[in-house]
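Input: a single structure, listed below in structure tokens.
Numbers restart at 1 for each chain; the letters A, B, ... are given by sequence-line order, proteins then strands.
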Number of protein chains: 2
Amino acid sequence: MGRNKELNELMKDERKQQIFSSALKLFATRGLASTKIADIAQDAGFSQGLVYHYFKSKDDIFIQLIKMAFTQLNSAAKQLEHFDLPHLQKLKIAYESMMDGLVHHEDAALTHLLIATSSASESIPDEARLIIDEQYFFPYEVIRRIIEAGQTDGSIVSKNSRDLALLFWSTIRGLSIYRATHHDTFVVPEVESFLAMFRNKE
Amino acid sequence: MGRNKELNELMKDERKQQIFSSALKLFATRGLASTKIADIAQDAGFSQGLVYHYFKSKDDIFIQLIKMAFTQLNSAAKQLEHFDLPHLQKLKIAYESMMDGLVHHEDAALTHLLIATSSASESIPDEARLIIDEQYFFPYEVIRRIIEAGQTDGSIVSKNSRDLALLFWSTIRGLSIYRATHHDTFVVPEVESFLAMFRNKE
DNA sequence: GTCTATATCCAGATAGAC
DNA sequence: GTCTATCTGGATATAGAC
């Protein structure tokens, strides 16, 4: 009985994961409005009615995905900040690991894409907008703090740190979008070219 | 008679412009699927039935807007290439004029946003996808040629020119997206910070 | 040219059998 | 838990009056 219950719980999680996985792919590449519940169900391999056994609505799935996306990104940012590394190296690691995600981990690439496109959209559920507004700037602040630390020790250029953090994330977001439509030919730009915006050369 | 006809033509163009203007705003910020014909008509200030007097479908409006967006961007790129300026200066001018557009010209900002989000979307009309596929790389090639010329004369770093062009446009696209949701607080990053990716410091 | 009314279709969500 | 059938609402596009 206890065993069966646990098994059911597992199955339930399994199903939810399938739905999340299909929904992430479709929402990121086609958008919320163009993705039908039937598309998600079909991609996951079962009937569309079943989706409603696990989620109460399409918006509900979307909101939870947004929540997960920011949780992932922001916990990665938090980790990064506490690494014991020279400040410029942190920027390097951040770039390299995100680029590795874009190239080798489909879900990571889709998560970046979802964040980039959903943040810019005015047609998402209110609750999703709330989450974005609350969490959007955390990675900017982390990068900004790293930059300011690097400026103190002279390893990073003495430009406006807000500007530099904005350039950092704009470039990452732009690359995520490019990668979405051109994964077949996408080649990660050399990290040194990217880092040139931040490295202090004097 | 001839005069009336011309007047009608002008009125017709006027109406079409209103529709284009409203549709650009809505498609760029909310996406094709989430934008209703009724929204466009309401924004333009007339009934929804009238839209069909000027366009045959919602997709039709979208396709024409995509066409116009790329025409603008690509003719600007073409112009840039033929300016009589040092190569690095061309990159500077390109950045500055696009940033000026983002800050001061709503339509320019919306056009950049439309390109950034539509290019990444898999749920656009086939004809729009065709246009994008045909025209997308032209600005990349222009920037790449400018970079290679700058590398020849030593003003631009000797990194892979394809990488650099990709970084150029990714950053611009990322900034366009950021600006869309944060125009109130958007401050253009100093051009020198951006140019650091390209400038040859030896 | 412009509006109102409506036919038609499609997608989200629910009901209920198994 | 899973499926099929269906209710319902909303959006595109058309018809037709003015």
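- Between A:Lys56 and B:Gln48, it is B:Gln48 whose nearest contact on DNA chain C lies nearer the 5' terminus.
- When distances are taken from the side chain of A:Lys36 to each of D:dT2, C:dA13, C:dG12, the shortest belongs to C:dG12.
- Rounded to whole Å, the distance from CD on A:Gln42 to C1' on C:dA11 is 14 Å.
- At whole-Å resolution of the value, CD1 in B:Ile37 and P in C:dT8 are 20 Å apart.
- Rounded to whole Å, atom P of C:dA11 lies 21 Å from atom CZ of A:Phe55.
- Closest contact between the side chain of A:Tyr52 and the listed nucleotides D:dC3, C:dT14, C:dT2 involves C:dT14.
- With respect to A:Glu106 and A:Arg179, a salt bridge is recorded, a charged nitrogen being found less than 4.0 Å from a carboxylate O.
- A salt bridge does not link A:Lys78 with A:Glu141: none of the charged nitrogens is closer than 4.0 Å to a carboxylate oxygen.
- Among the heavy atoms of the strands lying under 4.0 Å from A:Thr35 are primed sugar atoms or P, OP1, OP2 only; no base atom is included.
- Side chains of A:Asn200 and A:Ile156 form no contact here, defined as non-hydrogen atoms less than 4.5 Å apart.
- The interatomic distance linking A:Glu14 (CD) with D:dG1 (C1') rounds to 14 Å, in whole Å.
- A:Phe62 places its CZ atom 14 Å from the P atom of C:dA13, with the value rounded to the nearest Å.
- Remark: A:Lys90 does not engage A:Glu81 in a salt bridge, criterion side-chain N to carboxylate O under 4.0 Å.
- In this structure, the CZ atom of B:Phe46 is 13 Å from the P atom of C:dT4, given to the nearest Å.
- With distances taken from any side-chain atom of B:Leu50 to the nucleotides C:dT6, C:dG12, C:dC3, the minimum falls on C:dC3.
- Atom NZ in B:Lys58 sits about 14 Å away from atom P in C:dC10, given to the nearest Å.
- Taking atom CG of residue A:Asp59 and atom P of nucleotide C:dG12, one finds them 10 Å apart after rounding to whole Å.
- The side chain of A:His53 lies closest to D:dG1, out of D:dA13, D:dG1, C:dG1.
- With respect to A:Lys159 and B:Glu190, a salt bridge is recorded, a charged nitrogen being found less than 4.0 Å from a carboxylate O.
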